[in-house]
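These notes concern the structure reproduced below.
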There are 2 protein chains.
Amino acid sequence: MNDRDAAPKRTRRPTMVDVARSAGVSVKTVSRVVNGVSTVDPALRERVGLAMRELGFRRNSVAANLRSGRSTATIGLIILDLANPFYSTIAAAAARVAQRFDTQLFTASSGWDAQRETELAMDLCQRRVDGLIIVPTGEDQSYLRAETDQGTPVVFVDRPPTGIEGDAVLIDNRGGARTAVQRLLTEGHDRIGIVTDSLNSWTMSERLAGAREELEAAGVADRARFVETPSDAPGVAGDAVARMLGEASPPTAILCGNNRILSGAVGEVVRRGARVRLAGFDDFEFAHLLPYPVTVVGYDTASLGRFAAELLFRRIREPEISFSSTIVATYLVDRGIAAAAPC
Amino acid sequence: MNDRDAAPKRTRRPTMVDVARSAGVSVKTVSRVVNGVSTVDPALRERVGLAMRELGFRRNSVAANLRSGRSTATIGLIILDLANPFYSTIAAAAARVAQRFDTQLFTASSGWDAQRETELAMDLCQRRVDGLIIVPTGEDQSYLRAETDQGTPVVFVDRPPTGIEGDAVLIDNRGGARTAVQRLLTEGHDRIGIVTDSLNSWTMSERLAGAREELEAAGVADRARFVETPSDAPGVAGDAVARMLGEASPPTAILCGNNRILSGAVGEVVRRGARVRLAGFDDFEFAHLLPYPVTVVGYDTASLGRFAAELLFRRIREPEISFSSTIVATYLVDRGIAAAAPC
DNA sequence: CCCCTGAGAAACAACGTTGTCTCAGATTAC
DNA sequence: GTAATCTGAGACAACGTTGTTTCTCAGGGG
């Protein structure tokens, strides 16, 4: 016998059988006590409670759910990147709703990988989550049909699903872009530049479409410049702005498709001391610290997560209601500081 | 009979029994096919696979885990607020490690509520997570002893546990404060102000202790000013700085206990056009946009989450190794812009 | 005194899966 | 040709819990 000195801490967790044996009652009586059934003799209840505390019993809710056929009280959230404040805000808002429903939240990041998105969704369905909230990244979510058909509801956030119908919660990107362009037009700008990143994403193409609609409505679309930059390279936004401003009759105002592009644009404009009206998307934290005045299209990110979770729980309870799309409104807000004091 | 027109989509998910009946084999054979056991006749394997696809069978991994006694392949993460970038960075890093181990992550926020922390931990233990990562908020984590005794490992992050021993991953707050003060001393400052928020938190008291140690080592502690502000009120940091600077012989350098205090201090210093050396903690995103030069104590937040998760998985595999504390290093970095171009 | 009633607890089966054992049929060795 | 070996599949029980049914034993009325 070459056992360790210390008794091994890691003992099997006690089950209702252990508690029942210790208290000298049947397993079912333990179950009744745990579930607070009122028809248990107070003396027995006391004995069982004592045994539970002594053994440190904690009900295995996994087994309980399996037997009773109740829901697992879990939902899954598949976002693109939990480290990104936009998505973590969505996650936090969804978690808050889940808490109201005594439900735990699986949070997983697909990392813009459609294959990974599929794997995660399948894994979570195997774990029998009550529902899924997905920020879709792939071209096609039809792989989810088998799951939705079998009663696992799915709500899509920030991008509409492709290849399958379903509930969605979206930002009014198109309307936001229209409002922003409208503001620039009202201020007298008629040579407007639009800088986007990859138009493969629904979000960006909606923003471009909205801007274009408004420019065309004002009859100044032919004087506009449109530039699409690659999505993830840093500095390219600044280069694009530099090229725009170097043209013969450069735009007097530039609308940037997201906050990264806006940051790059601000950097370039400040560097060359140019006087260009800048507007952009995403009212990120610290936007007010930008060293140049800008107008941004803002929206309440937390609403996305909250609405999505509420929609999901509603559909869990009422699977037969027809699909709905919730559009989160946008607003214009002025950010950036006019000047900063030198040290 | 008053059934709905459409066939109800929500049908019970098919089980191995259904697949077995459909394929004309025993349940065990279905299990073997699902688990890729090699001793199955290819013809049967084909029949079973067909039946699975037809029915849209997806193994219930909850039931599988229950029977086989294997782990649930889930871990729980209890942080203070998922919407806070500091904690969401930790969560993202932990999730990345969990993914390597084919484990799903429950993410929950305690919201600085010790009661809620306890409830969440108990709930996750009832769900038989393989382990917990906790950013403790309460005064006492001894309630976890029952769980750790029964083999649910816990790793603490960002703050050491109280009332219980355990693995921890912490920031070198004390060392960071010493380094920052050292820098200020080296630059010739000997009247140094220290602004903290509530010293109830381990983090803040460590930072203060480190600063005090260094000031005392240099023999300038008597010329220093110490101010503790309430934790969550905005603007109080600026007020504290204002009061400091209004004194007879004001400090020439101020060390701020966290990024919120530093922001307030920058605002106040810029407003009054003062020339005060500012330093602080937390190298937050956009710190480089601060309209005033500052030096901050930085650290790799993702390391906290990554180390914690790796430690947890190690302990899950080897429960008997002795507890360890991992200290994440800090570094000094200069941030803030000297000047910004006016529009 | 006996039967009926009902409260409270135990016995049994089941949730969906897998571990263990058994068995039928094919293959090999003597 | 028969016994020993092996291969592959089914039967059965079990994981930890709960729904359902059955049982026991007071208490009360005829």
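All chains are named by letter (A, B, ...) in the order of the sequence lines, taking the proteins before the strands, and each is independently numbered beginning at 1.
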Query raised in the report: Quick one: do Asp41(B) and Arg45(B) make a salt bridge, cutoff under 4.0 Å?
Result: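 Salt bridge absent between Asp41(B) and Arg45(B).
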Report task. Could you tell me whether Glu310(B) and Arg100(B) make a salt bridge, using a distance below 4.0 angstrom between a side-chain N and a carboxylate O? Result ->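 Looking at Arg100(B) together with Glu310(B), the answer is yes, because their closest N to O distance falls below 4.0 Å.
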Can you measure [X] atom [atom1] to [N] atom [atom2] for me and round it to whole angstrom units?
X         : N       : atom1 : atom2 : value
Arg67(A)  : dT18(D) : CZ    : P     : 10 Å
Leu44(B)  : dG25(C) : CG    : P     : 15 Å
Arg13(A)  : dC15(D) : CZ    : C1'   : 16 Å
Arg128(B) : dG16(D) : CZ    : C1'   : 9 Å
Arg70(B)  : dG16(D) : CZ    : P     : 15 Å
Asp41(B)  : dG25(C) : CG    : P     : 15 Å
Met16(A)  : dA9(C)  : CE    : C1'   : 15 Å
Arg12(B)  : dT17(C) : CZ    : C1'   : 14 Å

Answer yes if the side chains of [X] and [Y] hold a donor-acceptor pair under 3.5 Å, and no otherwise.
X         : Y         : result
Thr152(A) : Arg13(B)  : yes
Gln126(B) : Asn60(A)  : no
Thr107(B) : Thr107(A) : yes
Arg58(B)  : Gln150(A) : no

Query raised in the report: Going by heavy atoms closer than 4.0 Å, what residues in residues 52-65 of chain B are next to DNA chain C?
Result: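 Phe57(B), Arg59(B), Asn60(B), Ala63(B), Ala64(B), in order of number.
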Query raised in the report: Quick one, which residues of residues 25-33 of chain B touch DNA chain C with a heavy atom under 4.0 Å?
Result: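 DNA chain C contact set from residues 25-33 of chain B: Lys28(B), Ser31(B).
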Query raised in the report: For Phe156(A), does its backbone N or O pair with a side-chain atom of Arg159(A) as donor and acceptor, under 3.5 Å?
Result: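 No; judged by distance alone, with no hydrogens or angles, the pair does not exist.
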Query raised in the report: Which part of the nucleic acid, if any, lies within contact of Val34(B), taking any heavy atom under 4.0 Å across all strands shown: a base, the sugar-phosphate backbone alone, or nothing?
Result: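 Touches nothing.
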Query raised in the report: When you look at Ser109(B) and Asp81(B), which way does the side-chain hydrogen bond (donor to acceptor under 3.5 Å, both in side chains) test go after all the steps?
Result: CA-CA 5 Å; Ser109(B) 300; Asp81(B) 178 18; 4.7 Å; no
**Report entry** Whether Tyr87(A) and Trp112(A) hold their rings parallel, tilted or perpendicular, with breakpoints at 30° and 60°
**Finding:**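 Rings of Tyr87(A) and Trp112(A): perpendicular, over 60°.
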**Report entry** Most 5' of Ser38(B) and Ser68(B) on DNA chain D, judged by nearest nucleotide
**Finding:**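 The residue closer to the strand's 5' end, by nearest nucleotide, is Ser38(B).
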